[in-house]
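Any value given below was found using the heavy atoms of this structure, including those in side chains, with hydrogens, waters and symmetry copies removed. We count ligands from 1, going down the list as the structure has it; atoms in each ligand are counted the same way. Keep in mind the model is a prediction, meaning the values are calculated, not measured.
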Amino acid sequence: MIELKGIRKVFNPGTSSETVAINNVNLKLESGDFITVIGGNGAGKSTLLNIVSGSYEADEGLILLNNNDVSRLPEFKRAPYFGRVFQDPMMGTAGDMTVLENLSLAFRRGMRRSLFRWSCHTQDKEFFIEQLKTLGLGLENRLNEKVGLLSGGQRQALTLLMATIRREPSHHMIRRDYVRFYDGDKKLAKDEFDKAFKEAKEEFKKRKAEIKSSNASKEEKKAQLKEAFEKFDKKVRVFDLTKPVLLLDEHTAALDPKTAAKVLEITDEIVKKNSLTTIMITHNMKDAIKYGNRLIMMSKGNIVVDINGEEKKKLTIEQLLEMFNQASNDMLSDSAILGD
Ligand SMILES: Nc1ncnc2c1ncn2[C@@H]1O[C@H](COP(=O)(O)OP(=O)(O)O)[C@@H](O)[C@H]1O
Ligand SMILES: [Mg+2]
């Protein structure tokens, strides 16, 4: 869960170039929310992400991560909790290092997120290969190549992986951290976890019995069991507080349309597979509608549109454009009234 309360950011205050980049933003994301952000140039989108990640400090307001106030936490201390991908493919990876070296670096950084719980294992390489395979770009065959030789799209996909890679904690570890970071009565946290765990496990057991007694083939049964376990596992992982929050700032804008579409698909898969809380800025309204479960539009440092669930699914580009024009008109009439 991540919550922004009364965020305000003014650049160059008291000078002729004073800019209110963020006026007053309140936003609450539940764990696993995938939110897309649109808005015109200078609307404050990038500034907002920079404030969340700690690159900029807000002048006013609070940022809560799993109920903990991180507003005053310096960027390097916040870094383990966030994975970022920027527009420029050169930024997220080291071009003169190999694919494997880049991943190892990111993996070690990711471990801080999890309180040093994992030491480096020799099977890391196997794990990296497995992860690279999921991208479907053949990078698992190019482990020792310099990243500088890869295309922009391949680099962005690798950056996405680096921003999110980590070894999955066990159910036991998830429970421990959930209780540890819970803001309030720890007994409640334990009970909440245990109840959900029990329910998920009961359901899994029931399904397992069903599968075993069915007359499906051995292969089919195996696949069904795997699916049932994954469902159970996913329900437990909802409680995992040490997952990174993914922050994407127009990360496909520098790619050709076909590559951009592929990288977006990869993004969606990674987000879904790990149920990551995600904020994705895009200038593409179609993508903003297609991806995620919630959409916000920013204008002049404010959130002017906030749509989620079914309503978002039904949204059309025409409607969105209409809202965009409306927001711009409101802005114009505001400035007409204010006389600037
Ligand atoms: N480091 C900075 N110094 C001064 N002004 C800035 C800085 N970063 C952003 N701004 C200004 O803040 C406003 C919002 O910028 P930004 O968040 O980059 O918008 P967006 O990403 O929506 O295009 C713009 O007017 C921009 O010029
Ligand atoms: Mg921007």
Answer yes or no: is there an ion pair linking Arg84 with Asp249, defined by an N-O contact shorter than 4.0 Å? no
Nearest option to atom 18 (O) of ligand 1, as decided by whichever heavy atom of Gly42, Gly44, Ser46 sits closest: Ser46
Contacting atoms of ligand 1, where contact means under 4.0 angstrom from a heavy atom of Gly40: 22 (O)
For Asp69 and Ser71, test the side chains for any donor-to-acceptor distance below 3.5 angstrom and give the result as yes or no. yes
Basic-acidic side-chain contact under 4.0 Å: Lys290, Asp287: no
Can you check atom 27 (O) of ligand 1: any protein non-hydrogen atom closer than 4.0 Å? no
Once the angle between the rings of Phe229 and Phe232 is folded into 0 to 90°, is it parallel (under 30°), tilted (30 to 60°) or perpendicular (over 60°)? perpendicular
Does the pair Glu219/Lys222 count as a salt bridge with the N-to-O cut at 4.0 Å? no
Hey, which atoms in ligand 1 end up nearer than 4.0 Å to a heavy atom of Asn41? 23 (O)
Whether the Asp233 and His171 side chains hold a donor-acceptor pair (N or O, under 3.5 Å, no angle test) is what I'd like checked. yes
What atoms of ligand 1 come closer than 4.0 angstrom to any heavy atom of Ala43? 19 (O), 20 (P), 22 (O)
Less than 6.0 angstrom separating the ring centers of Phe239 and Phe197, yes or no? no
Determine whether the side chains of Arg237 and Ser275 contain a donor N or O and an acceptor N or O closer than 3.5 Å. no
Numbering the atoms of ligand 1 from 1, which are under 4.0 Å from a heavy atom of Thr47? 9 (C), 14 (C), 15 (O), 16 (P), 17 (O)
Among protein heavy atoms, which lies nearest atom 3 (N) of ligand 1, and at what distance? Phe11 CD2, 3.5 Å
Any protein heavy atom nearer than 4.0 Å to atom 9 (C) of ligand 1: yes
Protein contact of atom 12 (O) of ligand 1 - nearest heavy atom, named by residue and atom, plus distance: Ala21 CB, 3.4 Å
Would you mind checking which non-hydrogen protein atom is closest to atom 25 (O) of ligand 1, with the distance to 0.1 Å? Thr19 CG2, 3.4 Å
Taking N, O or S atoms only and a limit of 2.8 Å, check whether Ser46 reaches the Mg ion (ligand 2). yes
Protein heavy atom at shortest distance from atom 1 (N) of ligand 1: Tyr56 OH, 3.3 Å
